[in-house]
Amino acid sequence: MKILRAIVQELIGMFVDDESLALFAVILIAAVAAAVKLLGVPALPASLFLLAGCLAILARSVHRAAR
Amino acid sequence: MNSLTPIISTITAAFLASFVEVVEAFTIVLAVGVTRSWRPALIGAALALAVLAALVLVFGPLLSLVPITLLQFVVGVLLILFGMRWLRKAILRSLGVIALHDEEAAFSKETSLLQQQANDRRADYLAGVAAFKAVLLEGVEVVFIVIAVGAAHSQTFYASVGALAAFLLVAVIGLVVHRPLSRIPENALKFAVGLMLTSFGIFWTGEGLGADWPGADLALLAIFAVVTLFSFAIIRWFRSPAPSSPGKPA
């Protein structure tokens with residue numbers, strides 16, 4: 001049971017370390033996906049926005065940790 | 001070149017990411033083998049590898065049932081989260097905000113724990129469990145990496161080759177040096193892996209959304225270059241001293 005719990009914690013920890021980084025990344029991806037699928041925004045500009053957004057989220061997370 | 005790009009990048013990403021994980025698992029197995037005996041260390045490691053193989057055999061074929069664009073999107077999202085987490089940690093380690101991962105320290109910690117348990121009549125069992133847990137937990141990450149970097153472009157075979165090469169290389173180096181692989185530039189490797197996985201994640205999420213990347217697979221290299229340049233810019237920005245206020249002595 002302990003090992004099972006450790007595996008679950010390891011699985012979650014693989015994707016979530018800084019909670020706000022993970023949360024903002026998920027919100028960004030959801031917003032981009034919604035823009036493409038629901039609003040008909042072209043996928044390429046949306047993907048480039050995703051790239052820029054990921055980098056901005058990374059910079060913000062590093063800034064918070066380094067303060 | 002265009003068809004080689006995903007193959008080379010898949011093998012490289014799987015190799016580097018797996019190498020880091022295998023080194024961490026090796027440290028614990030070595031600690032168990034040296035402190036207790038090799039029997040529980042190897043039995044624990046072998047059992048964990050069997051569990052991992054069973055996981056791949058059970059869940060691997062299910063992936064072929066998922067539509068490719070959905071698979072690319074889901075894998076892309078997971079790789080963005082996974083890759084950015086590694087990249088953030090590597091950047092913070094480069095900046096000295098968090099400590100570098102130290103295999104010697106991990107080895108000493110595990111060794112002293114095993115020595116405390118030496119008089120326990122279940123000492124062999126506990127040592128075996130330690131090896132099992134280390135290989136299983138690090139192995140779960142390797143399995144995810146292989147599936148993630150391989151599945152979205154049907155290159156699980158190439159990703160597996162990269163991971164297997166990492167496993168064999170660590171095993172050979174480990175047999176030769178017979179001590180923790182502390183001289184491996186682990187943070188540089190994690191930095192490179194973070195860059196690659198984040199780039200893969202953005203590329204596949206875009207493909208999953210229907211983006212027709214200019215240059216097809218070569219766009220992956222362009223994304224990698226942008227993410228790399230930006231990450232180095234972040235390090236440079238946070239390393240540079242804050243500008244002094246006007247009127248104040250420098």
Side-chain angles (χ1 to χ4, degrees), chain A, chain B residues 48 51 55 73 76-92 94-98 129 132-134 136-141 144-145 148 194 198-199 201-214 219 222-223 226-227 229-231 233-235 237-239:
Chain A
M1 206 57 201
K2 261 185 179 176
I3 288 180
L4 205 62
R5 199 178 308 145
I7 292 174
V8 173
Q9 279 172 349
E10 182 78 8
L11 282 174
I12 296 170
M14 275 167 62
F15 306 103
V16 182
D17 182 14
D18 173 14
E19 289 87 356
S20 76
L21 180 136
L23 181 67
F24 278 115
V26 168
I27 291 171
L28 172 71
I29 294 163
V32 168
V36 172
K37 298 294 177 191
L38 303 177
L39 303 176
V41 172
L44 183 60
S47 300
L48 293 174
F49 181 76
L50 175 69
L51 169 62
C54 285
L55 297 178
I57 290 168
L58 179 67
R60 179 190 169 275
S61 175
V62 171
H63 177 67
R64 279 185 63 220
R67 258 189 327 208
Chain B
V51 172
L55 282 175
F73 181 76
V77 172
L78 292 176
L79 275 179
I80 287 176
L81 295 174
F82 189 68
M84 280 175 64
R85 177 182 153 260
W86 275 43
L87 193 50
R88 173 184 177 273
K89 259 192 173 171
I91 290 173
L92 291 175
S94 298
L95 290 170
V97 175
I98 55 176
V129 168
F132 174 79
K133 214 169 132 182
L136 187 65
L137 296 185
E138 303 301 340
V140 164
E141 292 203 43
F144 168 74
I145 290 161
T198 305
S199 306
I202 293 166
F203 180 78
W204 281 330
T205 305
E207 283 214 330
L209 290 172
D212 194 9
W213 292 104
I223 296 170
V226 170
V227 177
L229 286 174
F230 189 83
S231 300
I234 292 177
I235 292 175
W237 172 261
F238 286 106
R239 265 200 192 140

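Numbers restart at 1 for each chain; the letters A, B, ... are given by sequence-line order, proteins then strands. A quick note: this is a predicted structure, and the numbers were derived from the prediction, not measured. Excluded from the calculations below are hydrogen atoms, water molecules and symmetry mates; all remaining heavy atoms, backbone and side chain alike, are included.
- Both the backbone and the side chain of Leu209(B) come within less than 4.5 Å of a heavy atom of chain A.
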Let me check something: any side-chain donor-acceptor pairs from residues 37-58 of chain A under 3.5 Å, sequence neighbours excluded? List them with distances.
unit_1	atom_1	unit_2	atom_2	d
Ser47(A)	OG	Ala43(A)	O	2.7

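- Contact annotation for Ser231(B): only side-chain heavy atoms (C-beta onward) come within less than 4.5 Å of a heavy atom of chain A.
- For the options Val16(A), Ile29(A), Leu21(A), heavy-atom pairs under 4.5 Å to chain B are most numerous at Ile29(A).
- Heavy-atom pairs under 4.5 Å with chain A peak, among Leu137(B), Ile223(B), Ile98(B), Val97(B), at Leu137(B).
- When side chains are defined from C-beta on, Thr205(B) does not count as touching Val32(A), because their heavy atoms never get closer than 4.5 Å.
- Both the backbone and the side chain of Phe82(B) come within less than 4.5 Å of a heavy atom of chain A.
- For Val36(A), the part lying near chain B is the side chain, with the backbone staying farther off; criterion is any non-hydrogen pair under 4.5 Å.
- Using a 4.5 Å cut-off between heavy atoms, Phe203(B) does not touch chain A at all.
- Side chains of Phe15(A) and Arg85(B) form no contact here, defined as non-hydrogen atoms less than 4.5 Å apart.
- For Ser61(A), the side chain to side chain donor-acceptor pair (under 3.5 Å) partners at least two apart in sequence or on another chain are Asp18(A), Arg88(B).
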